[in-house]
Amino acid sequence: QVQLVESGGGLVQAGGSLRLSCAASGLRFSNYGMGWFRQAPGKEREFVARISSSGRMTYYADSVKGRFTISRDNAKNTVYLQMNSLKPEDTAVYYCAVRDRSNDVYNYWGQGTQVTVSS
């Protein structure tokens, strides 16, 4: 079975940094693109970033471009989200997900990790 476990969330002040990790198991990790999503209170879940299976290509939501960096270590079956210059509007539960190889859908999700940015 596929399991994704996020870690690294917490409380930070505006302007601070945080690095999220997502450890994957139960799949051939290097064959799949991975994504990060977030859901803020009272809002729909939104796309944050994704990375190709090799790590060669990355994509970001406009709201985080230039501040967040997605990366992966296929030898460790782990994907990361480095978040810099954090803003209060970044406050959300952040989820890691596995991208389908044939469609732009995400079939497996982690439990989420809370990121709170104080002002």
* Asked: Atom CE of Met34 and atom CG of Asn77: how far apart are they, to the nearest 0.5 Å?
  -> 9.5 Å
* May I ask you to test the Leu27-Tyr108 pair for a side-chain heavy-atom distance under 4.5 Å? => no
* Structure fact -> To the nearest 0.5 Å, atom OG of Ser118 lies from atom CG of Leu86 at 10.0 Å
* Any chain of hydrophobic side-chain contacts (each under 4.5 Å) joining Leu4 to Val79? -> yes
* What distance separates Thr91 OG1 from Arg38 CZ, expressed to the nearest 0.5 Å? -> 9.0 Å
* **Close side-chain approach of Asn107 and Val98, heavy atoms under 4.5 Å** => no
* Asked: Side-chain heavy atoms under 4.5 angstrom apart, residues restricted to Ile, Leu, Val, Met, Phe, Trp, Tyr: same cluster for Val115 and Tyr80?
  -> no
* If only atom types and distance count, is the side chain of Arg67 paired as donor or acceptor with the main-chain N or O of Ser85 below 3.5 Å? -> yes
* Look at the side-chain heavy atoms of Ile, Leu, Val, Met, Phe, Trp and Tyr, link any pair under 4.5 Å apart, and say whether Leu81 and Val12 land in one connected group. => yes
* To do: Give every residue pair that meets the ring-ring contact (aromatic ring centres under 6.0 Å, His included) criterion with at least one member in residues 2-61, sequence neighbours excluded.
  => Phe37-Phe47, Phe37-Tyr106, Phe37-Trp109
* So how far is it from Thr78 OG1 to Leu20 CG, rounded to the nearest 0.5 Å? -> 12.5 Å
* **disulfide (SG to SG under 2.5 Å) contacts touching residues 38-71 (sequence neighbours left out)** => none
* Asked: Do the non-hydrogen side-chain atoms of Glu6 and Tyr94 ever get within less than 4.5 Å of each other?
  -> no
* Asked: For the side chain of Asn74 and the backbone of Ser53, is there at least one donor-acceptor N/O pair under 3.5 Å apart?
  -> yes
* Using a 4.5 Å cut-off on heavy atoms from C-beta on, say whether the side chain of Val48 contacts that of Met83. => no
* Asked: Rounded to the nearest 0.5 Å, how far does CD of Gln39 lie from OH of Tyr95?
  -> 5.5 Å
* To do: Report yes or no: does Arg50 contribute a side-chain atom to a donor-acceptor pair with the main-chain N or O of Gly33 at less than 3.5 Å?
  => no
* N-O pairing of Lys65 and Asp62 below 4.0 Å -> yes
* At what distance, to the nearest 0.5 angstrom, does NZ of Lys87 lie from OG of Ser119? -> 13.5 Å
* Asked: Which pairs with one or both residues in residues 28-119 pass disulfide (SG to SG under 2.5 Å), sequence neighbours excluded?
  -> Cys22-Cys96
* Any side-chain donor near an acceptor of the partner, Ser17 and Asn84, under 3.5 Å -> yes
* Has the side chain of Arg99 got a donor or acceptor atom that lies under 3.5 Å from a matching backbone atom of Ile51? -> no
